[in-house]
J.: 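Okay, here's the structure, questions in a sec.
Protein chains get the first letters and strands the later ones, always in sequence-line order, with residue 1 at the start of each. Heavy-atom basis, side chains included; hydrogens, waters and symmetry copies ignored.
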Amino acid sequence: MPTPTAVADVELNPAQRRVVGHGDGPLLVVAGAGTGKTNTLAARVAALLTRGVSPERILLLTFTRRAAAEMLQRAGRLADPASSRRVWGGTFHAMGHRLLRVHGAALGLDPGFSVLDQSDAADLMGLVRSEQAASTHTRFPRQDTLLAIYSRVANTQRPLRDVLTDAFPWCATDAATLAAIFGEYVERKRAQELLDFDDLLLFWARAAADPCVGERLAGLFDHVLVDEYQDTNTVQAEIVQAMARRAAGVMAVGDDAQAIYGFRAATVRNILDFPAVHPGAAVITLEENYRSTPSVLAVANAVMAEAPERHDKQLWSRRPDRHRPCLVHCADETTQASAVCDTVLAHHQEGVRLQDQAVLFRAAHHSDLLEVELGRRKVPFVKYGGLRFLESSHIKDLLALLRILDNVYDELAWFRTLRLADGVGPATARRLLASLGVRPRADAGSTSADRLRHVMAQTPRSARAELGALAEALAACGDEAHVEPREQIAQLRRALDPIVRRSYHRPDARLHDFEELEHLAAAYRSRGQLVAELVLDPPAGTGDLAGPPLLDEDYLVLSTVHSAKGGEWDAVHLLHAADGMFPSDLATGRPEEIEEERRLFYVAVTRARDHLHIYFPLRYYHRRSGLDDAHHYAQLTRFLPDAARDLFDTRHAGLASPEPPVAPGTVRVGVGAEVSRALQDLWR
DNA sequence: TAGTCCGAGTTTTTT
DNA sequence: ACTCGGACTA
């Protein structure tokens, strides 16, 4: 019997071969973690290409750009690299964007629309919010909450009132005001030709359902393949159904045990209902795990065994067992950070590259202390998840200028740009918008540079030099046909230089980011393409672009569990396995939320090939710094029940005795707090 | 316009 | 415990 240790490019097990060899017609693949899903999907694409399906008639929808690129690269190795590159592959949002640029006009969409990222959308929501009188009362939801509610309505396609009672009960009394704000928000986007992330899906779904445009769209593809189907939402399922209605084949791959995007309105119903929605669908289950050792899988299975809703898959592996998973009890967070460093470096000594190890955690800030410690010990690392490159304010400044060039009526971009200048705040900026002919619209045909020069006299004297420089830079970028995107960035960067130096604390790192952006821009043919792709597929990593200069160097991977989806490493270090951190105590309100946290924990565990280390800090300080040492003792995560703990070796870091000095959960207040309370009592 | 002070609500994960 | 928004002042 052939026993593949890893799924080699040509070596597939019988179930995988059935997937690859499946003819036309709908197909659902239920693929447990580590069962060779990526290879199988890649082999299927390769098989389609070999069968003579033309690459541009294949649509491959994945969760991230990276996943699509990797699958197509593997498919290229199996079939023909040149043709695999012509396959339509990417995220729902990126593919929607691409299709809408070409076919959106038929829906009345201006082909020059701009795409708002999450924080732009929130800003626009905030603008509308501030204009609504009723929104001033206390407890009125903030702009981010407003966007979250709006987005949930859009993605679930359920009435506002239901969404409020279900997910945002504390906002239910404001339903009428919310409806008014959302109405204005939608109107504002329409007037300024802006599409937010949700719109990319909604317009695509609308277009695909349209009797005329929809036929044309559906006619573009013979095969539709969707990865991570358990994390799609209602609108995405509608898109798949509509796009596949003329296709020879539609295939969805997913694992209900790995559904972790409920907060983004993803619904497991999609994968469960696939056979009903696509009649005659074949269902193939992949259960043999090629990634992890049996003892890692035992932990994963034990975690899921506690789920009230049964997932009737048991992962198994033929791999030999070598190391038992390790549960590390740490005195506190600081000890955890150094214990992780120690273990990472010990593995490194044994020959496991840093790149083959990952540190995973629930929330982006959970790695803060570790990052300091890694820096101190000079261990190179890259972090995924959390604050993105694009969200740093200097990058948004530069992007705002690009967006003005692209869409001269983009109110938000103007608002941001104007305030860059010394002496221009919200009040002046708002006044200038009218003179610029942006809101209300005027002077059709006049360029951004002209408009800016025209209002110069109305700006404070202190702002004129900087605004003048910006206007010149905008003018220099104006001729899209002759000025390369890279040169445009160079121009804008020069004008921003003094502003960045004046307004940011450590300007050099930020100016360096501009340089990186300039290099990045060389890969794009047009400014519009650059801006859109940057928004839809921002560079990962933090601070600087952890790009080419690091490539030859070995580095440790730090990642949120969400961002680690689809990844695998020889050694996985999972931080903060304490109740309150994982599961996050923000997500323990409703049973569904806890179940999603459990699946998230399962995803984290199943990323490990050979070594699994789970760290549990016993003591959490309430204040990071300060004189008093108020802290509490944590409890081990509820996802590791007693039965599961027998699967681990136990280690202790920074602890004289393995037991906590007081019962878990008790709060002790340190000396400093007692002193200050005594002082308080003096004048009470 | 921008800085300071005060009070109150909120907290995470991502395209 | 921290951040955001509003009010008030220079």
J.: Name the nucleic acid region contacted by A/Phe92, choosing base, sugar-phosphate or nothing; use a 4.0 angstrom heavy-atom cut-off, strictly under.
T.: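 Here A/Phe92 touches no strand at all.
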J.: Between A/Asp198 and A/Ala429, just flag the one whose closest nucleotide in DNA chain B comes earlier from the 5' side.
T.: A/Ala429
J.: Provide, to the nearest angstrom, the distance between the CG atom belonging to A/Leu536 and the P atom belonging to B/dT14.
T.: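 My rounded result for the distance is 17 Å.
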J.: With distance as the sole criterion, is a donor-acceptor pair present between the side chains of A/Asp123 and A/Gln143 under 3.5 Å?
T.: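 A/Asp123 vs A/Gln143: donor-acceptor pair found between side chains.
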J.: As a test of reading the structure: which of B/dT14, B/dT12, B/dT15 is closest to the side chain of A/Ala363, going by heavy atoms?
T.: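 Output: B/dT12.
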J.: Hey, does the side chain of A/Ser563 come within less than 4.0 Å of B/dT14's phosphate (OP1/OP2), counting only N and O?
T.: yes
J.: Salt bridge check: are A/Glu228 and A/Lys37 linked by an N-O gap of less than 4.0 Å?
T.: yes
J.: Rounded to the Å, how far apart are A/Tyr261 OH and B/dT12 P?
T.: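 So the OH-P distance, A/Tyr261 to B/dT12, works out to 16 Å.
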J.: Taking the minimum atom-to-atom distance to the side chain of A/Ser584, which one of B/dT12, C/dC4, B/dT14 wins?
T.: B/dT12
J.: Choose from B/dT13, B/dT15, B/dT14 the nucleotide whose nearest atom is closest to any side-chain atom of A/Ala364.
T.: B/dT13
J.: To the nearest angstrom, how far is A/Met125 atom CE from C/dC4 atom C1'?
T.: 18 Å
J.: If you measure from the ring centre of A/Phe263 to the centre of the six-membered ring in the base of B/dT13, is it under 5.5 Å, with the planes under 30° apart?
T.: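 Yes, A/Phe263 stacks on the base of B/dT13.
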J.: Do the side chain of A/Arg362 and the base of B/dT13 come within less than 3.5 angstrom through a donor-acceptor pair of N or O atoms?
T.: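 Result: at least one qualifying N/O pair found.
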J.: Starting at atom CG of A/Leu432, determine the distance to atom P of B/dT1, rounded to an integer number of angstrom.
T.: 10 Å
J.: Please state whether the phosphate of B/dT15, meaning OP1 or OP2, lies under 4.0 angstrom from any side-chain nitrogen or oxygen of A/Thr64.
T.: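 So the side-chain polar atoms of A/Thr64 never come under 4.0 Å of the phosphate oxygens OP1 or OP2 of B/dT15.
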J.: I'd like to check the side chain to side chain contact (heavy atoms under 4.5 Å, CB included) partners of A/Ser367; sequence neighbours left out, ordered by chain and number.
T.: A/Phe361, A/Glu371, A/Lys383, A/Leu558
J.: With distance as the sole criterion, is a donor-acceptor pair present between the side chains of A/Tyr150 and A/Asp198 under 3.5 Å?
T.: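 Distance-only check fails for A/Tyr150 and A/Asp198.
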J.: Partners of A/Ala148 by side chain to side chain contact (heavy atoms under 4.5 Å, CB included), sequence neighbours excluded?
T.: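 So A/Ala148 forms a side chain to side chain contact (heavy atoms under 4.5 Å, CB included) with A/Phe168.
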J.: Respond yes when some side-chain nitrogen or oxygen of A/Thr560 is under 4.0 Å from OP1 or OP2 of B/dT14, and no when none is.
T.: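 For B/dT14, OP1 or OP2 has a side-chain N or O of A/Thr560 closer than 4.0 Å.
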J.: In whole angstrom, give the distance that lies between atom CZ of A/Phe361 and atom P of B/dT12.
T.: 15 Å
J.: In this structure, how many angstroms lie between the P atom of B/dT10 and the CG atom of A/Leu146, rounded?
T.: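 The answer, rounded to whole Å, is 11 Å.
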J.: I need the CZ-P distance between A/Arg66 and B/dT14, as an integer number of Å.
T.: 12 Å
J.: Which value, in whole Å, describes the distance between the C1' atoms of nucleotides B/dT14 and C/dT3?
T.: 22 Å
J.: With DNA chain B as reference, determine whether A/Thr428 or A/Val535 sits nearer its 5' end, using the nearest nucleotide of each.
T.: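 Taking each residue's closest nucleotide, the earlier one in sequence belongs to A/Thr428.
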J.: For the pair made of CZ in A/Arg142 and C1' in C/dG5, what is the distance, rounded to whole Å?
T.: 8 Å
J.: Taking atom C1' in both C/dG5 and B/dT12, compute the distance separating them and give it to the nearest angstrom.
T.: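 Rounded to whole Å, the distance is 23 Å.
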J.: Need one value for A/Gln118: base, sugar-phosphate or nothing, where a base atom within 4.0 Å counts as base even if backbone is also close, heavy atoms only.
T.: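 If one applies the 4.0 Å heavy-atom cut-off, A/Gln118 turns out to touch a base.
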J.: Verify whether one side chain among A/Gln157 and A/Thr234 offers a donor that lies under 3.5 Å from an acceptor in the other.
T.: no
